[in-house]
Amino acid sequence: MLNRVATIYIASSDIIMKIAERKGKDLVILEELFYPINLGHDTFSRSAVAFEKIKKLNQAINNFKRIADEYRVERVEIFATAALREALNKDYIIYQIKNNNHLNVKIFDNIEEHQLIYQGIRNTNRELEGDNLFAYIGTGSLGVAVATQDYIAKSQSITLGSLKISEILRGIQNKTDEFHIVVDGYLSGYIYNLELFLNKFNINNFYVSGKEIELIAKLAGITKKSNTFKISRAAFYRLYNNVKTKTPKQLLENYELEEVEAETLLPSMTIYKNLMNLTQSNQITGSTVTIETEVIRNMLFDDRSSELEKQSFKNIIASSRSVSEKYHYNQEHAETIENIALDIFDVLKDRFKLSKKEKILLQSAAVLHDTGKYINLKKHYEHSYYIIKNSDITDLSDYDKNIIAHIALNHSQSSTTNLKIKDSCLDNYQERVLIAKLTAILKIADSLDKSHKEPFSEVEINLTENKLELIINTEKDIFLEKWAFNDKSRIFKEVFGIDVSLNKKNIFI
Amino acid sequence: MNLNEPKFYFNKQLSWLKFNIRVLEEADKDDQETPLLEKLKYLAITASNLDEFFMVRVARIKDDIESGYNEPDKSGYRPRELFKEVAETIHHLYENQYKYFNKTMKKLKKEKIYFKKYNDLNNKQRQYTKKYFNEIILPVLTPVAIDPSHPFPLIANKSLNLGVLLERNKNENIFSTIEEKKVFSVVEVPSNLQRFVEIPASNNENVFIFLEEIIKANIDQLFSGNKVITADTFRITRNAEVVLDEESKNLLSEMKRYVKRRRWGFAVRLEINSDCNQYILNFLKDNLKVTEADIYQVSGPINLGSFMDFVLKLNNHDHLKFKKMIPQPNPDIYNADDIFELIKEKDIVLHHPFESFDPVVEIVKKAASDPKVLTIKQTLYRVSGNSPLIEHLTRAAENGKQVTVLVELKARFDEEKNIAWAKRLEEAGCHVIYGIKGLKVHAKALLIVRAEKEGIKRYVHMSTGNYNDKTAELYTDMALMTSKDNFASDIAGLFNLLTGYSKPPEWKLLAVAPLDLKEKFIKLIESEINNSKRGLEAKIIAKMNALVDSDIIKKLYEASQAGVKIELIVRGICCLVPGIEGVSENIKVRSIIGKLLEHSRIFYFKNNNQPLVFLSSADWRPRNLERRVEIAFPVEEDKNKEKIIKVLKTVLKDSKKAHLLQKNGDYKKINDDNNFESQAELHLLAKTAFQKEVLNKQFKVPQDYIF
């Protein structure tokens, strides 16, 4: 177990280091360092980070490491979000950091970034009631999620951060006195989609995290006493009405803001205003949550990570179901397959060393694999593939989604020899095997319900040295299933190297 | 009402001169109050203070005049008017200085301490000086003649010289190229030799002769064959400022001046003996381009500043010195087995020199070899010659600790010294940083990081005074030792800011210049104003070395107008005018000139009976608040607050060494019968606190501390 760790976060306008220590069940931040380098500006307006800034970045990391060494920390983790993720020259920056500072930069995708923040919000607001809207404006992306007491029901991330808006709208600012209307208009398309997204939910509480909301609270005259603070609708609007008619320069002077803060204040307030109006909440509950602190928490607390994993698995499945619902999936069929697949998985897991993570990927794939039928029954697996790839599923990284999409893509293939890998980054031994293994299990489960009419409620599964045997308790003739089964079990045999058979339970024994 | 009117501000330079006059007056007290050798010391302090004043302040006024800058300053003075008044004041100051000096010299004779002229020496003594001249002095003398082919030599700033007027002997060829009959030559009095040469004398007598006297007496030897008409002692002071004036209104001309100044600074003062030869005087005047007002003819030895260390030349004259004030141990620290454990339990406030500076040196020493200590960080501004701190920090680095030292090379007139020990630290493996470009780092902070059983614990020391064990015996300063996390992370953040590793964090407890310190003080004053307006009793007590900042002065006027009672204890410059009806009648300003140099900066705000107390490295002047890195830190624990409030109350009671500033700018002594001396009282307090604690705990009182 680790006691003292550091994280270095390559954020959009600062490089941030936190050094923290475990104190009982809590963590103590020992030092926080902020080195201002506006990488976001380069990435979002020029698509690549300038040479001088990369040099500075390396120097800043080097200095940070020195301070981390002073505290003899046991591990330093370095990560980045949009500012680096979306930079065209990110690979070389990562290479240089590795070379100069012996640190491997992990790049969080939007989902991972939001996942950490949602964890944090949940952590600072233990008692959630009903449906709640979580929102977080990163500099590069906006994340929104519907959360219940137990899990995230639905989440979406939009490539729309405050800095990004102000970069895009820069230049228009000077041409209009009513810039806030332009911002509103620009956002309206996104907001319309969010309205659809939130449709069906009845949201009473609005939770927000991010430095923008802390700034808004400060400007609204709200003093933070703990990790959470509340801004009433009225107070929010009072400030918004003051801010909306001012140029960043005026904001800079009137409110003593930093330049970046002044530029992003109106866009972020507009986003929050619109989001708040999608809920019935009469206040915004702010949480001081940072990605760094959440990463530190995960580094320091093992038990927490298993708890989070459980939580996260719940989120993945809830969110997968929500996506499938959107495409009017056959819920009954999916649930049957899900159950059988998981049963088979459990029987196989020890012998074939299958992980918990693989189980959740399989389960999500079982939920999602037929969503493509919404588009067209013909080649539905192709449609499933891109629906999965392009949907936001809470707590699933792009990589995970890619795996699931490939399972869906291949669930109609008959042999490993024609396994389809569309994404070259998955086209290697490890990923091919992973996709094949999970596809194999899914296919068997799928074949047991081929008629899609009368699901089998009970399946007995036996694993012997050379064979996996599935026994169905039914009086019905299972000719159709057996036929399908033989066809669909080929991949299984090829991957696991054991035979597999389907039989009817002998009712006389 | 326009609070920017010049009548609401005293002039900074004139106010400083008044301070120097107050110091000088200590040399005119009766011998009981200021013993003879201490009088010499006050005279020396006044003189060396003036040296700096000429090199920096007077030079700047002359610069303004020369560059044609003619705007009135905050107090309404234009450069020419100011120069006139400054020069008049200093001329008057010189008169008193030498009056007091000669009086003291006379009295020293009664104590058998003599400064003799060569002619007053007996034969034996003359022989001794002759020998001394030939063997020690002569080899290092370099006479320089001046004529068209030997232009006026570069005479170093603050060096003591003899101007020698010769009549040329035609048969001698050393001046063969010179046409004129009269020749002027300059001989520098070697600065590496003792100014006071002690010569053998009969029992119990201490006889001294000035180095320049010996040279004068033997001057013939330098100019063989040429007739020496006369030799006069003189000293010039040059513009020595090679940095931008931090408080100048006229920044552009400052910049131009800066470029010009890279050459030798021009002469701003000529000191010469009062009975000097007129030819020599005119010659110097012309060549140095000084005016009548810049010439100070003195009836005594030039440069009384040399008397600073004179006392070291005498043994057994304790009755001519102040009774030694021995710093007392802080009772808490004295009783603690482990200073780290103590600070973990509670904050400690130290008041130097009434309480000893040793714990500060000790904690660094301890940290250097403590296996639990990971890191030591410290700011060093002016440290003592052989500072034990440097030694301990060096050792810490050698022991594998991470040591970061912020060295401020720009501490004025200490630059060379600083470079030397900074190199030493670097060689030992310390991470030495040389401040921030354009900002002097004046904050005094020490951070020790320990990995303890329970985790990381950080110990912080913050002070109003420098980490200098020598001055800690002479300057009054206050310091806080704490292990509270909020202080620790603020100070860690301060070091990260100073090393350039991080932008400023959100300070939890500190206020930091040039970021938010001034704002913080303004807000604190405003809050008293608001309290007063709400009918609550409002009060501010602020103690500092100088009060110049006009934003703060204005805010204090507003506070006075709102009914806030304000007590200011300002040792030196004070530009605020107290006692003006409708503006500042609620403000009292007093200045303490005691045996110890008042140096602590303490700020008290009544805050509706929940007092806020701050200590700071900063004075209320623009250079501290805007152009230096300074900190102010709150003292939180009640017991410590009480200790500090008690100090302020004691200082405010002073009726012996305190001067009250009048609205006309005069400083008036408080003459009451109490004759209360705050510094003596504070020492007594420290002593009784320690003794009480020791008696309670039945410890044996160490002999050193009983007197």
Side-chain angles (χ1 to χ4, degrees), chain A residues 1-6 8-9 11 13-38 56-74 211 214-215 217-218 223-224 256 258-261 288 290 292 300, chain B residues 367 371-378 396-397 399-405 429-433 447-460 483-508 515-516 518-520 522-523:
Chain A
M1 196 153 48
L2 298 172
N3 285 309
R4 203 146 61 233
V5 298
I8 299 175
Y9 173 25
S13 47
D14 291 297
I15 315 302
I16 304 163
M17 177 165 82
K18 289 197 173 151
I19 300 175
E21 185 176 61
R22 191 152 47 83
K23 278 246 160 93
K25 283 184 177 169
D26 226 331
L27 67 83
V28 184
I29 302 283
L30 297 168
E31 291 220 18
E32 286 178 274
L33 289 89
F34 300 84
Y35 192 87
I37 305 178
N38 200 339
K56 267 195 186 168
L57 171 66
N58 273 299
Q59 184 57 49
I61 293 169
N62 193 24
N63 291 340
F64 282 3
K65 264 192 80 186
R66 179 184 191 115
I67 303 284
D69 287 346
E70 286 178 359
Y71 283 89
R72 308 232 173 109
V73 301
E74 292 146 314
K211 58 184 179 191
E214 292 182 40
L215 177 68
K218 198 173 115 193
T223 44
K224 289 189 290 187
E256 293 176 13
E258 286 179 26
E259 203 177 329
V260 181
E261 289 175 337
T288 39
T290 62
E292 313 91 86
L300 288 177
Chain B
K372 288 187 188 135
V373 169
L374 303 178
T375 303
I376 306 173
K377 299 189 184 192
Q378 192 168 19
N399 286 345
K401 317 280 178 215
Q402 306 268 358
V403 180
T404 300
V405 184
C430 300
H431 179 210
V432 182
I433 327 145
L447 173 72
I448 296 171
V449 180
R450 270 178 121 215
E452 298 178 356
K453 215 170 82 197
E454 305 78 21
I456 290 284
K457 193 77 198 166
R458 293 173 292 185
Y459 300 86
V460 169
S483 70
K484 293 214 174 89
D485 278 339
N486 284 345
F487 279 119
S489 66
D490 274 0
I491 290 297
L494 179 73
F495 278 104
N496 292 334
L497 176 67
L498 294 175
T499 49
Y501 286 5
S502 175
K503 68 181 183 188
E506 238 176 72
W507 307 108
K508 295 179 174 107
L515 303 167
D516 64 346
K518 184 162 163 177
E519 200 181 315
K520 170 91 183 179
I522 297 261
K523 275 190 183 146

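Convention: sequence-line order gives letters A, B, ...; per-chain numbering from 1. Just so you know, these numbers come straight off a predicted model, no measurement behind them.
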Does a side-chain N-to-carboxylate-O contact under 4.0 Å join B/E454 and A/K23? no
Around atom [atom1] of [X], are there more than 12 heavy atoms of other residues, nucleotides or ligands at under 6.0 Å?
| X | atom1 | value |
| --- | --- | --- |
| B/E452 | CD | yes |
| B/K508 | NZ | yes |
| B/K457 | NZ | yes |

Kindly indicate whether the side chain of [X], heavy atoms from C-beta on, has any atom under 4.5 Å from the side chain of [Y].
| X | Y | value |
| --- | --- | --- |
| A/M17 | B/Y501 | no |
| B/N496 | A/I67 | yes |
| A/Y71 | B/R458 | yes |
| A/L33 | B/K503 | no |
| B/P505 | A/E32 | no |
| A/F34 | B/S502 | yes |

Per-residue contact mode, A/D14 against chain B (heavy atom under 4.5 angstrom): side chain
Go through the atoms of B/K377 and report whether side chain, backbone, both or neither lie under 4.5 Å from a heavy atom of chain A. side chain
Turns out that what part of B/A451 lies under 4.5 Å from chain A's heavy atoms comes down to side chain
Could you tell me the separation between the CZ atom of A/R72 and the CD atom of B/Q402, rounded to the nearest 0.5 Å? 7.0 Å
Atom pair CD (B/E519) and CD (A/E256), whose distance is rounded to the nearest 0.5 Å: 6.0 Å
Counting heavy-atom pairs under 4.5 Å with chain A, the top scorer among B/P504, B/G500, B/A488, B/G455 is B/G455
Test A/E70 against every option in B/V449, B/T404, B/L374 by the side chain to side chain contact (heavy atoms under 4.5 Å, CB included) rule and name the one that passes. B/T404
